[in-house]
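The figures that follow rest on heavy atoms only: side chains count, while hydrogens, waters and symmetry mates do not. Keep in mind the model is a prediction, meaning the values are calculated, not measured.
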Amino acid sequence: MTELEGAQSKRPTLPVALTRGLNGRCPNCGRGHLFRAYLKQVETCASCGERYGDIESDDAAPWFTILLASVAAAPLYFVFQRLLDSHFILAMILLVMMVVALILVLLPRVKGVLLSAFWLSRQASDSERAGE
């Protein structure tokens with residue numbers, strides 16, 4: 001078995017890599033952290049040495065996060081509107097607080113999933129180039 005085949009066999013599958021990214025872990029080994037701060041990704045994994053500093057998710061993570069939060073916020077609006085019919089302001093304050101909390105929880109997880117997907121696609125393209 002060549003070194004390239006050994007590296008390819010050790011590469012995680014898409015569901016495994018995405019799950020690791022969702023948990024904020026290195027998609028390659030699953031042991032190291034993917035972020036050094038709330039949304040600041042590490043340059044390299046402390047456990048396996050895989051580099052992540054050159055992967056950019058740009059605005060994709062906020063866009064997907066807003067999409068997911070708005071899907072959750074639409075039904076909540078109608079529930080709060082029905083429950084707090086006479087207290088519109090209170091309903092809107094509760095809705096905004098819940099959506100902001102949801103966004104703050106989802107944003108690093110969505111970014112982790114995107115970084116894992118970008119990393120995995122980079123690995124696939126690197127192995128294709130090496131095979132040529």
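When all heavy atoms of Asn28 and Cys48 are compared, the pair lying nearest together is ND2-SG, 3.4 Å. Scanning all heavy atoms of the two residues, the minimum distance from Phe88 to Gln81 falls at CD1-OE1, 3.4 Å. Counting all heavy atoms, side chain and backbone alike, Val99 lies closest to Ala73 at CG2-CB, 3.5 Å. Residue Cys29 comes nearest to Ser47 through the heavy atom pair SG-CB, 3.8 Å, listed as atom of the first residue, atom of the second, then distance. What you find for Ile103 and Ala69 is that their closest heavy atoms are CG1-CB, 3.6 Å.
Of the inter-residue distances, the one linking Arg51 atom CZ with Arg122 atom CZ reads 4.5 Å to the nearest 0.5 angstrom. Considering CG of Leu18 and CG of Leu114, their distance stands at 9.0 Å, rounded to 0.5 Å. Atoms CG and CE, from Leu102 and Met97 in turn, are 13.5 Å apart once rounded to the nearest 0.5 Å. Between atom NZ of residue Lys111 and atom CZ of residue Phe35 there is a gap of 6.0 Å, rounded to the nearest 0.5 Å. To the nearest 0.5 Å, atoms CD1 (Ile55) and OG (Ser121) are separated by 8.0 Å. Atom CG of Asp54 sits about 8.5 Å away from atom CD of Gln41, to the nearest 0.5 Å.
Taking Ile, Leu, Val, Met, Phe, Trp and Tyr as hydrophobic and joining them when side-chain heavy atoms fall under 4.5 Å apart, one finds Ile66 isolated, its cluster having no other members. Residues Tyr38, Leu39, Val96, Val100, Leu104 make up the rest of the hydrophobic cluster containing Leu107, defined by ILVMFWY side-chain heavy atoms closer than 4.5 Å, directly or through other members.
A 4.5 Å side-chain heavy-atom check between Pro12 and Trp119 finds at least one atom pair inside the cut-off.
Tracing side-chain contacts under 4.5 Å through hydrophobic residues (I, L, V, M, F, W, Y), one never reaches Val16 starting from Leu14; they form parts of separate clusters. Linking Ile, Leu, Val, Met, Phe, Trp and Tyr residues whenever their side-chain heavy atoms come within less than 4.5 Å places Leu106 and Phe118 in a single cluster. Residues Leu68 and Val105 do not share a hydrophobic cluster, clusters being chains of Ile/Leu/Val/Met/Phe/Trp/Tyr side chains in contact below 4.5 Å. With hydrophobic clusters built from ILVMFWY side chains whose heavy atoms lie under 4.5 angstrom apart, Leu76 does not share a cluster with Val71.
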Quiz item: So Tyr52 and Leu115, side chain to side chain contact (heavy atoms under 4.5 Å, CB included) or not? Walk me through it.
Solution: CA-CA 8 Å; Tyr52 298 107; Leu115 288 175; 5.9 Å; no
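Screening residues 58-74 for side-chain hydrogen bond (donor to acceptor under 3.5 Å, both in side chains) gives no qualifying pairs among residues at least two apart or on separate chains.
A donor-acceptor pair under 3.5 Å links the side-chain atoms of Arg20 to the main chain of Pro27, judged by distance alone. Between the side chain of Arg109 and the backbone N or O of Leu22 there is no donor-acceptor pair closer than 3.5 Å.
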